[in-house]
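Down below is the structure, laid out as structure tokens.
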Amino acid sequence: MAVFITDTCINCGACEPECPNQAIYEPGVEWSMAEGTILSGMVTLLNGQEVDAEEMQAPLSDEFYFIVPDKCTECKGFHEEEQCIAFCPVPDCIIPDPDHPDTEDELLARQAFLHG
Ligand code: SF4
Ligand code: SF4
């Protein structure tokens, strides 16, 4: 499943540069599917949603760093473990997201979709 950042985040920024999918953003920052991926123009996400990959989207949190679920692959295809969790100094700050219970196959399919 994707992972998400809880309200124990101290906004240190250590996780952001470690994400191979550019799925992590500073609080209050707009994001897009295109950043850090091969996506461009109109794309259909694996969940069926159609989006403009370059369109800037509203931040998912104004208080804490946040992870875009559609860009998180649990680091599958890149690393053996979730890099954001490995680099976060706060224990259990980043945890599995029960609202996005992806299987390993789904995570690998997402990785292929994002990076070709
Ligand atoms: S688990 Fe990996 S892909 Fe997902 S947000 Fe963390 S660093 Fe990025
Ligand atoms: S590394 Fe942890 S504490 Fe630092 S910004 Fe990321 S989630 Fe927050």
Side-chain angles (χ1 to χ4, degrees):
M1 55 184 72
V3 297
F4 80 103
I5 295 173
T6 66
D7 62 8
T8 60
C9 172
I10 58 172
N11 290 326
C12 71
C15 55
E16 184 191 359
E18 305 302 331
C19 179
N21 298 317
Q22 211 171 319
I24 305 174
Y25 289 85
E26 282 177 48
V29 167
E30 294 189 334
W31 59 275
S32 76
M33 290 300 298
E35 291 168 331
T37 74
I38 61 162
L39 301 179
S40 65
M42 291 303 295
V43 294
T44 303
L45 304 183
L46 298 182
N47 64 15
Q49 187 186 353
E50 285 199 17
V51 298
D52 179 345
E54 276 103 8
E55 186 179 341
M56 299 311 290
Q57 309 286 338
L60 303 185
S61 174
D62 291 326
E63 287 184 87
F64 306 106
Y65 274 70
F66 62 88
I67 292 169
V68 176
D70 285 319
K71 297 181 79 176
C72 175
T73 61
E74 263 182 39
C75 290
K76 297 282 187 232
F78 294 103
H79 303 286
E80 290 297 314
E81 61 178 352
E82 298 92 336
Q83 294 300 285
C84 52
I85 294 176
F87 280 84
C88 180
V90 182
D92 300 324
C93 175
I94 306 175
I95 59 176
D97 184 349
D99 291 334
H100 295 91
D102 307 301
T103 64
E104 174 140 2
D105 284 350
E106 287 170 328
L107 292 167
L108 288 170
R110 183 175 299 147
Q111 195 267 347
F113 173 71
L114 295 175
H115 298 284

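Counting convention: from 1, in listed order, for ligands and their atoms alike. Heavy-atom basis, side chains included; hydrogens, waters and symmetry copies ignored.
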Practice task
Examine all N, O or S atoms of C72, backbone included, and report whether one is under 2.8 Å from atom 2 (Fe) of ligand 1.
Solution key: no
Should you measure from each heavy atom of [X], which atoms of ligand 1 turn up under 4.0 Å away?
X: T73; result: 3 (S)
X: N21; result: 3 (S)
X: V3; result: 1 (S)
X: E82; result: 1 (S)

Handout entry: In the protein, N/O/S atoms that are found under 2.8 Å from atom 4 (Fe) of ligand 2, waters not counted
Key = C12 SG
Handout entry: Nearest-contact summary for atom 8 (Fe) of ligand 1 - protein heavy atom, Å
Key =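 Result for atom 8 (Fe) of ligand 1: C19 SG, 2.3 Å.
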Handout entry: atom 2 (Fe) of ligand 1: nearest protein contact (heavy atom, Å)
Key =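 Here the closest protein heavy atom is C75 SG, 2.2 Å.
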Handout entry: N47 CG: over 12 foreign heavy atoms closer than 6.0 Å
Key =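 Buried by this count: over 12 neighbours within 6.0 Å.
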Handout entry: From A23, C84, G77 - option closest to atom 6 (Fe) of ligand 1 by heavy atom
Key =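 Looking at heavy atoms only, the winner is C84.
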Practice task
If the plane angle is over 60° it's perpendicular, under 30° parallel, otherwise tilted; pick one for F78 and H115.
Solution key: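 Plane angle over 60°, so perpendicular.
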Practice task
Could you tell me the separation between the CD1 atom of I94 and the SG atom of C9, rounded to the nearest 0.5 Å?
Solution key: 7.5 Å
Exercise for the section: To the nearest 0.5 Å, tell me how far H100 NE2 sits from I67 CD1. Expected result: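 With rounding to 0.5 Å, NE2 (H100) is 11.5 Å from CD1 (I67).
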Exercise for the section: Using a 4.0 Å heavy-atom cut-off, say whether I94 meets ligand 2 through its side chain, its backbone, both or neither. Expected result: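 The answer is the side chain of I94.
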Problem - Audit row: F66, F4, side-chain contact (heavy atoms from CB on, under 4.5 Å) steps and yes/no - result: CA-CA 7 Å; F66 62 88; F4 80 103; over 6 Å; no
Handout entry: Validation row: D102, R110 side chains within 4.5 angstrom (heavy atoms)
Key = yes
Problem - Flag side-chain contact, heavy atom, 4.5 Å: I95 against V3 - result: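 Counting from C-beta outward, I95 and V3 never come under 4.5 Å.
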Practice task
Have a look at P27 and tell me which of N11, I5, D62 forms a side chain to side chain contact (heavy atoms under 4.5 Å, CB included) with it.
Solution key: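 With P27 as partner, side chain to side chain contact (heavy atoms under 4.5 Å, CB included) holds for just one option, N11.
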Practice task
Identify the residue among L45, D70, L39 that makes a side chain to side chain contact (heavy atoms under 4.5 Å, CB included) with V51.
Solution key: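 The single option meeting the side chain to side chain contact (heavy atoms under 4.5 Å, CB included) with V51 is L45.
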Practice task
Only one of E30, Q57, E35 passes side chain to side chain donor-acceptor pair (under 3.5 Å) with Y25; say which it is.
Solution key: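 Exactly one candidate clears the test, E35.
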